[in-house]
Amino acid sequence: MILITGASGHLGAAVVNELLNRVEASQMAVLSRNVEKVNKFKELGVEVRQGDYDDYDSLVKAFKGVDSLYFVSGNDIASRMKQHENVVKAAKEAELKHIVYTSFQRQTDELDSIIQFVAESHIKTEDLIRESGIPYTILKHGLYLEVIPLFIGDNVLETQTLFLPADEGKVSFASRADMAQGAAIILSTSGHEGKTYEFGGELSYGMKDVAEILSKLSGKDISYVSPTIEDFVNALSEAGVPQGAIDVTVGFSQGIAAGEFDQPTTTLKDILGHELLSLSTFLEATFIGE
């Protein structure tokens, strides 16, 4: 039995759909706080289990009879470490045979790095999993291609300016769909225990590259401006962007500028056995459309 957490989210749902092409629905279960959000999978024959990362007892119950767990990291950064402790402890109590954890790419494991706000809980969770004695596979996700419109806005073709304090930093982007397919392959095949895989793109791109590709695709002159953090925060605040969203964007922008996400790799491509979704194809589909 394979249990996929976060099945109501984009990544978890994509993994479920990919797994349905590889294993019988009767061999799969999904976990969600609100089971109504994943009823579409129940209709396909996938078992639905209720569970909450904040509720340890619900996790122990949900993990009963599970062999492999696809453990999607929590998105509540402030509460994530305690939630992850619950997941790993419950997995051990339920005697799971394999945990596949979605971590993230990084240059260093130092907890005082510039991206400490997102790194700390991932690093500590990896340690917890290794210490649990449960066979594991760590998937170090690069930044999704899908974060680009979140960072630069959806009106960049109208403003003709890509405005982000990322300096000349580059990112080895990969699509969420490609990462989901890679996870499904790992969950449905053997030989991955004790391994850590870098799930990112084989090429790295900076925001200047994004602007140049958008210019070529749209026929407009899209410029890239890397403002000071102060100017960026002021501009977004004046535009009514919530402070929490500003803080996250600034944090990741600083990480990009520092080269934290510049880790090109062929690992994901090799696992999939085909080319990854390219930056150009993604930008065309997202910003240009039909």
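- Taking Lys216 as the reference, nothing meets the salt bridge (charged side-chain N to carboxylate O under 4.0 Å, His left out) condition, with sequence neighbours excluded.
- Side chains of Glu198 and Thr267: no donor on one and acceptor on the other come within 3.5 Å.
- A cation-pi arrangement is not found for Lys140 relative to Tyr197, the charged atom failing to lie both closer than 6.0 Å to the ring centre and inside a 45° cone about the ring normal.
- Side chains of Gln160 and Asp221: a donor-acceptor N/O pair is absent below 3.5 angstrom, by distance only.
- Contact record, Glu193 with Pro135: CG-CB, 3.8 Å, taken as the closest heavy-atom pair.
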Item to check | Worked check of side chain to side chain contact (heavy atoms under 4.5 Å, CB included) between Leu139 and Thr137 | outcome: CA-CA 7 Å; Leu139 307 181; Thr137 306; 4.0 Å; yes
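- With hydrogens and angles disregarded, no donor-acceptor distance shorter than 3.5 Å links the side chain of Asp231 to the backbone of Pro227.
- Between the side chains of Asp262 and Ser204, at least one donor-acceptor pair of N or O atoms lies under 3.5 Å.
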Next on the checklist: Walk me through whether Val15 and Gln181 qualify under side chain to side chain contact (heavy atoms under 4.5 Å, CB included).
Outcome noted: CA-CA 6 Å; Val15 172; Gln181 186 180 23; over 6 Å; no
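- Salt-bridge annotation for Lys124 and Glu120: present, with a side-chain N of the basic residue lying under 4.0 Å from a carboxylate O of the acidic one.
- Scanning for ring-ring contact (aromatic ring centres under 6.0 Å, His included) contacts around Tyr101 gives Phe71, His84, His122, with sequence neighbours left out.
- Formation of a donor-acceptor pair under 3.5 Å by the Ser8 side chain with backbone atoms of Ser32 is not found in this model.
- Residue Arg33 places its CZ atom among 12 or fewer non-hydrogen atoms of other residues, nucleotides or ligands, all under 6.0 Å distant.
- In this structure Glu93 satisfies the salt bridge (charged side-chain N to carboxylate O under 4.0 Å, His left out) test with no other residue, sequence neighbours excluded.
- In this structure, Tyr144 has its ring center at least 6.0 angstrom away from the ring center of His10.
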